Number of protein chains: 2
Amino acid sequence: MTTEVPQGAAAQDAEWLRLDRQICFSLHAASRAFNGVYRVVLKELGLTYPQYLVMLVLWEHGETPVKKLGEHLRLDSGTLSPLLKRLEAAGLVRRERSMRDERSVEVRPTEQGTALRARALRIPRRIMAATGLTLEEVHELHTRLDRLTTALDTAALEETPGCE
Amino acid sequence: MTTEVPQGAAAQDAEWLRLDRQICFSLHAASRAFNGVYRVVLKELGLTYPQYLVMLVLWEHGETPVKKLGEHLRLDSGTLSPLLKRLEAAGLVRRERSMRDERSVEVRPTEQGTALRARALRIPRRIMAATGLTLEEVHELHTRLDRLTTALDTAALEETPGCE
DNA sequence: CACTATTTAATTGCGCGCAACTTAATTGCG
DNA sequence: CGCAATTAAGTTGCGCGCAATTAAATAGTG
């Protein structure tokens, strides 16, 4: 089937490889550019971008077990444990073993951590301004990215055993 | 101006903070989901995602100085130097001081590195399949992301001194 | 009850990504 | 020419992100 047009197929493969380069770069670059803007804005709060994500969850939901944090952020304990330790060292959160289940660790913002929210309120507008996008465009991007993530996640699961 | 409706403004800020959480998560998650799919696919080539990006440039342009690689990939020597060292240890590239300018280091794929391209040709199609997107949608995403990156980069530069 | 299986955090190891610094070569200016 | 400024790589340090492993607590089963 594919042996019918070896030259054409090869040429198309090469074309796809170039396209791959394009889209890879775009995503990689956009992700890091976003990270860069947040880094600048968050520096005055003394937070890294992933630390900010954790605080966003805590501000919205209050005390949360590490497990739940991981589900919200799609991060495992290998990433969260040291990150939370640093947030605790900075005085922004407290970690306490749950009394009902000694395996679980509850994370809650300290008074200082809660107070930080007031200063964080100005951030989203600055980020929005930096993107140069309208609210509507952001919503659309949001939707697209979520769909993409879902597709990629399910594909990654099916890919593992050795598809094709 | 904004002092006219303090309650309303605060509520809106909170709303924006929730939105920020949404879009932050989306981007962060999408980026890592993409990375995850590539990780699975690239494992059989023995490459990490950033290493694959480097090889894509080398396959397309041949011998390239580290400086140019950095411009293509938006990466500095702090990231590239150890990465290239690993690629060289894997026998995929060679690094040689330029004769014309002893400051510059030329990177070129070895025979083995060039041969790897043949196996890489199948990757883009698998990635495309994983995204569940059409070619047109990919192109549109590509365009949007590039515009976004440009906007963010210029904003980051203007932001640094201490805007507002 | 004893004993295995599961669940939850934490730890270890490695590869980015980036800031800050160092070293060496080249350029440019007086 | 001589010497400061610039440029290119490399190094160091730190914080993710993730795979793999470990340790402890709980749940489930005979």
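First the proteins, then the strands, lettered A, B, ... as listed; each starts at 1. Quantities reported herein were computed from a predicted structural model and do not represent experimental measurements.
- The NZ-P distance, from A:Lys43 to C:dC18, rounds to 14 Å in whole Å.
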Check residues 30-37 of chain B and write down every donor-acceptor pair under 3.5 Å in which the side-chain atom is one partner and the other belongs to a residue at least two apart or another chain.
unit_1	atom_1	unit_2	atom_2	d
B:Ser31	OG	A:Ser31	OG	3.2
B:Arg32	NH1	A:Arg74	O	2.9
B:Arg32	NH2	A:Leu73	O	2.9

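- Heavy-atom minimum distance, A:Gly132 versus A:Glu137: O-OE1, 4.4 Å.
- Put simply, the side chain of A:Thr64 gets close to the backbone of A:Gly62: a donor and an acceptor are under 3.5 Å apart.
- A distance-only check finds a donor-acceptor pair linking the side chain of A:Trp59 to the backbone of A:Gly113 [under 3.5 Å].
- Judged by distance alone, the side chain of B:Thr79 and the main-chain N or O of B:Leu75 form no donor-acceptor pair under 3.5 Å.
- Residues A:Val105 and A:Arg39 each lie close to DNA chain C; by heavy-atom proximity, the contact nearer the 5' end of the strand is made by A:Val105.
- Side-chain atoms of B:Arg97 come within 3.5 Å of backbone atoms of B:Glu102 as a donor-acceptor pair (strictly under, hydrogens ignored).
- By the 4.5 Å heavy-atom criterion applied to side chains, A:Thr48 and A:Leu42 are not counted as neighbours.
- Looking at residues 47-67 of chain A, you'll see A:Thr48, A:Pro50, A:Gln51 sit with a heavy atom under 4.0 Å from some atom of DNA chain D.
- Of all heavy-atom pairs between B:Val93 and B:Met55, the closest is CG1-SD, 3.9 Å.
- Contacts of B:Lys68 classified as salt bridge (Lys or Arg N to Asp or Glu O under 4.0 Å), with partners at least two apart in sequence or in another chain: B:Glu71.
- Taken together through direct or relayed side-chain contacts under 4.5 Å among Ile, Leu, Val, Met, Phe, Trp and Tyr, A:Val105 and A:Met99 form parts of separate hydrophobic clusters.
- The stretch residues 27-35 of chain A has no heavy atom under 4.0 angstrom from DNA chain D at all.
- Between B:Ala29 and A:Thr149, the shortest heavy-atom distance links the atoms C-OG1, 3.9 Å.
- Scanning for salt bridge (Lys or Arg N to Asp or Glu O under 4.0 Å) contacts around B:Arg144 gives A:Glu140, B:Glu140, with sequence neighbours left out.
- Not counting sequence neighbours, the partners of A:Asp101 by the salt bridge (Lys or Arg N to Asp or Glu O under 4.0 Å) test are A:Arg103.
- At whole-Å resolution of the value, CD in A:Glu106 and C1' in C:dT8 are 12 Å apart.
- Taking a pair as Watson-Crick or G-U wobble with both distances under 3.5 Å, the runs of three or more consecutive pairs in DNA chain C are C:1-30 with D:1-30.
- Extent of DNA chain D lying under 4.0 Å from chain A heavy atoms, first and last nucleotide in 5' to 3' order, is D:dG15 to D:dT26.
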Check the pair A:Arg94 / A:Glu106 against salt bridge (charged side-chain N to carboxylate O under 4.0 Å, His left out), numbers first and verdict last. CA-CA 8 Å; A:Arg94 287 277 297 163; A:Glu106 299 283 339; over 6 Å; no
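- Within a 6.0 Å sphere centred on NE2 of B:His139, heavy atoms belonging to other residues, nucleotides or ligands number 12 at most.
- No side-chain heavy atom of A:Glu60 sits less than 4.5 Å from a side-chain heavy atom of A:Leu56.
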B:Arg126/B:Glu44 under salt bridge (charged side-chain N to carboxylate O under 4.0 Å, His left out): CA gap, chis, key distance, verdict: CA-CA 13 Å; B:Arg126 293 173 70 184; B:Glu44 56 197 67; 3.5 Å; yes
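- Aromatic ring pairs are classed by plane angle as parallel below 30°, tilted from 30° to 60° and perpendicular above 60°; the pair B:Tyr38 and B:Tyr52 is tilted.
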Side-chain donor-acceptor pairs of residues 80-92 of chain B under 3.5 Å, sequence neighbours excluded:
unit_1	atom_1	unit_2	atom_2	d
B:Ser81	OG	B:Ser77	O	3.1
B:Glu88	OE1	B:Arg95	NE	3.2
B:Glu88	OE1	B:Arg95	NH2	3.3
B:Glu88	OE2	B:Arg95	N	3.1

Give each protein N/O atom lying under 3.5 Å from an N/O atom of nucleotides 25-27 of chain C, with the pair distance.
unit_1	atom_1	unit_2	atom_2	d
C:dT26	OP1	B:Glu102	N	3.2

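- Shown for residues 77-85 of chain A: residues whose heavy atoms fall under 4.0 angstrom of DNA chain D, namely A:Gly78, A:Thr79, A:Leu83.
- In this structure, B:Tyr49 has its ring center under 6.0 Å from that of A:His28.
- Taken residue by residue, residues 87-94 of chain A places no heavy atom nearer than 4.0 Å to DNA chain D.
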